[in-house]
Amino acid sequence: MKKFVVHSAPHTNVKTNTLSIMGCVILALLPTAIAGCVMYQLPAVFLLMATTGTAFLTDLVVRALFRRDRTAPDGSAAVTGLILGLSLPPSFPVLWAIAGSAFAIIIVKELFDGIGKNFANPALTARMLLMVLCMEQMHTWTFPDGTVDAVSGATPLVQQATLWDLFLGNTAGCIGETCAAAILLGGIYLYLSGIISPAAPLAYLGSFALLTWLGGYPVLPQLLSGSLLFCAVFAATDYTTTPITKTGKVLFGIGCGCITYFARHYGGYAEGAGFAILIMNLFVPLLDRIAAPGAFGAAAKRAGK
Amino acid sequence: MKRLNGITLPFRKITDMKPIQPIGTPRYVRLPMLMHKGTPCVPAVSEGEHVAVGQVIGRAEDAQAAPIHASVSGTVTALTEFTAEDGSAVPCVEIRADRDQVLSPDCKPPKAETKAEFIAAVQASGGVGLSGAGVPTAQKLAAADSFDILIVNGAECDPALSADCRLMTETPQDVLDGISWIMKMLKIREVRIGIMKDKIAAIKTMSDLCSTQKGITVCPLPAVYPQGAEKVVVFHTCGRIIPEDQTAADLHILVLNVSTCAFIGQYMQTGIPLIERTVTVTGSAVRKPGNYRVPVGTPVMNVLDAAGCELETVNMLLNGGMMMGSCITDLNAPVLRQQNGLVAMKKYRPPKKSPCIRCGRCMQVCPMGLMPLKLEEAYEKQDLQALRKLHVSLCMNCGCCSYICPAHRPLAATNLLAKAILPENAEGEQK
């Protein structure tokens, strides 16, 4: 007798898959990566290749060792590696960057069961680890013209840079974080292609801008400098480590905005965006619970009883 | 008015312009005793007996069943067993057709003066919900003491189906007759006919016909899947929210499928019970997709032949539509009386699932405001408390979540399993 496929309904599905989503994210990161490579040249290229390649290979090897299904081909590990690379200063030692990338994949991602299960943003956790371990290298900023700015402990919240410089990235900073124009381009692309919701980035930037304005600081230079914009667009929109509901996303963004503001102006580390995201990552289960969508007719049921 | 979430399906119906065609009398029919939601009927004939068209061959033992009638005249060749969709084995009557199609003398227009008589007549007609669920119509009519409003469900939101759409375009008078009978007998003053916005022809014919009728309005529904589910169609036609633990009948709302209404209209006029139905036959393996008038119990093979399907290329067969249909594994399986579609697909490979990435798309499309990804997690942990808290009972298995999931996880199917492990749903299958 002829055999037929038996399959649970529905019998049709979207073409979108994890690979195509990750492909879009990589595409959105490209302007930033290209801008970084153009400005900081070869060291930046090597660094990005090292972190991205390491993340991909580590994911492949570790999942094989753990006897899990392969997920590296879906591009998620490469995205982690690329984001980590973009958040490092161009002069950062490549070996440390490789170690950081492996840490992101093995400890932060795979030990928590891999893609979709980790609670903290892997790239940012690795970045913070490197920041703590390699204080000096992490705060050595290279200008696009090759001069080095070694203001210890400070971030490129450069006071002397003009707004235009900040917008185009003509300043010292991490590879992918200086060129605001490229980040915005990537963010707008992700929004238009339906990959991300603008709720979290807008709430993040909005709340931060409001606090900065209330605190009497210049709003635009604060928004455009440091890793704020990069984190808002690419880390506050990570599927796995941010809330799934719109209300949750807004609360998450507001939390990030507040923490960033206080870290920048009152904290020991002048750069707070990465920490803000990581701390808010811990609130995600809570936010998901309190901002759950109202089930249809559930309220009526309670009222009726 | 806010509309409920859903998905926009990218394909266009290819059969909604195809007129309904009869496929003729098959050589034999198989009539399972469970072609409705409820308890199976009991065979009322024995092997070798001669039956006429419309003769009762399956007796309904209680209100949870609707009697089954012979769809052809001929000889009962065997009483066999049939595996119903839920896996239970039910008796099945096989009839070899003599092609005379002699009508049983029992088939005469019923007399109904009162509500009770009308409901009894509908019960005797074997009328069931014709859009797939198959709830006995008499049971629905008797579900509440009185109804304030009748909602005629002409949504037919599945992209593969067009039987209801054709019916409304070709024989709208039958629908109106059925509605008039129900209005008169159940003393309902208000009727709303919900039709999806993109069915322009159906909306036009129904509106033209109903413009002179008092109390009947046609409500265009959003062109978003799903629309046909009871809670959704009630919300989109009259803006009322059915509480989680209640049904439309609890709010004195009667929801009937448009084909069911048309059937009641015809039955009250002719007395011929439910022995034929319109089935949309489509799919990549079908060369002449269209809407076919099929005697109940016809083997799907014959229907596919009539639609020019190359049987050897078929890889997947569906009873129903693309979104909620169930797989058929046997070319000899009969067309059931609640079956609205027959889809034959070439080369269908179920998508490979990958880990959930928590993108939240399932939640964004859920019409019921559920969180399928959390439900899946709770089901994997067998956490009954969490399943209840997440309102799993609200899931109507429309399949939007599974459709949209980029990780291709079978979320809708998981919800079915999750509902089944809740102790309060233990006997829920009989409902």
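Note that the structure is a prediction, hence the values are computed from the model and not measured. Every chain is numbered from 1 and lettered A, B, ... according to where its sequence line falls, protein lines coming before strand lines.
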| request: Quick one: do B:S354 and A:N17 satisfy side-chain contact (heavy atoms from CB on, under 4.5 Å)? Show the steps, please. | output: CA-CA 9 Å; B:S354 58; A:N17 57 22; over 6 Å; no
| Whether A:K249 side chain and A:P243 backbone form a donor-acceptor pair below 3.5 Å | yes
| query | Heavy-atom distance under 4.5 Å to chain A: side chain of B:L4, backbone, both or neither? | reply | side chain
| request: Measure up the B:F235 and A:F296 rings against each other and bin them: parallel (under 30°), tilted (30 to 60°), perpendicular (over 60°). | output: perpendicular
| Checking A:T245 side chain against A:G248 main chain: does a donor-acceptor pair fall under 3.5 Å? | yes
| field | N/O donor-acceptor pair under 3.5 Å between A:R127 side chain and A:L84 backbone | value | no
| remark: When the 4.5 angstrom heavy-atom criterion is applied to A:I115 and chain B, the contacting part is both
| note | Whatever's closer than 4.5 Å to a heavy atom in chain B on A:T18 counts as both
| note | chain B shares the most heavy-atom pairs under 4.5 Å, among A:G116, A:S8, A:A295, A:S197, with A:A295
| task | Report the option among B:P410, B:C366, B:G399 that has the most heavy-atom pairs separated by less than 4.5 Å from atoms of chain A. | result | B:G399
| query | For the side chain of A:N118 and the backbone of A:V108, is there at least one donor-acceptor N/O pair under 3.5 Å apart? | reply | no
| Measuring heavy-atom distances to chain B, does A:I196 have an atom under 4.5 Å in its side chain, in its backbone, in both, or in neither? | neither
| task | Would you mind checking which part of B:L373 comes under 4.5 Å of any heavy atom in chain A, side chain (CB onward), backbone (N, CA, C, O), both or neither? | result | side chain
| query | Is there a donor-acceptor pair closer than 3.5 Å between any side-chain N or O of B:S402 and the backbone N or O of B:L411? | reply | yes
| said: If the test is side chain to side chain contact (heavy atoms under 4.5 Å, CB included), which one of B:T282, B:L342, B:T15, B:N340 qualifies with B:L161? | reply: B:N340
| What part of A:D288 is in contact with chain B, defined as an atom under 4.5 angstrom from a non-hydrogen atom: side chain, backbone, both or neither? | both
| message | Report which part of B:R349 has an atom under 4.5 Å of a heavy atom belonging to chain A: side chain, backbone, both, or neither. | response | neither
| said: Under the side chain to side chain contact (heavy atoms under 4.5 Å, CB included) test against A:F234, which residue among A:L82, A:L229, A:L124, A:I83 passes? | reply: A:I83
| request: Measure the spacing between CD of B:Q339 and CG of B:N319 and express it to the nearest 0.5 Å. | output: 3.5 Å
| remark: When the 4.5 angstrom heavy-atom criterion is applied to B:M368 and chain A, the contacting part is both
| query | Is chain A contacted by the side chain of B:V314, its backbone, both, or neither, given a heavy-atom distance below 4.5 Å? | reply | both
| remark: Max heavy-atom pairs within cutoff under 4.5 Å with chain A, candidates B:A413, B:P355, B:G325, B:C359, goes to B:C359
| said: Quick check on B:L394 against chain A: is it the side chain, the backbone, both or neither that has a heavy atom closer than 4.5 Å? | reply: side chain
| query | Considering only heavy atoms, which portion of B:M323 lies under 4.5 Å from any heavy atom of chain A: side chain, backbone, both, or neither? | reply | both
| task | Select one option (side chain, backbone, both, neither) describing which atoms of B:I328 are under 4.5 Å from chain A's heavy atoms. | result | backbone
| said: Quick check for you: to the nearest 0.5 Å, what is the distance between A:H11 atom NE2 and B:M322 atom CE? | reply: 7.5 Å
| task | Sort A:T242 into side chain, backbone, both or neither according to what part of it lies under 4.5 angstrom from a heavy atom of chain B. | result | backbone
| Considering only heavy atoms, which portion of B:K374 lies under 4.5 Å from any heavy atom of chain A: side chain, backbone, both, or neither? | side chain
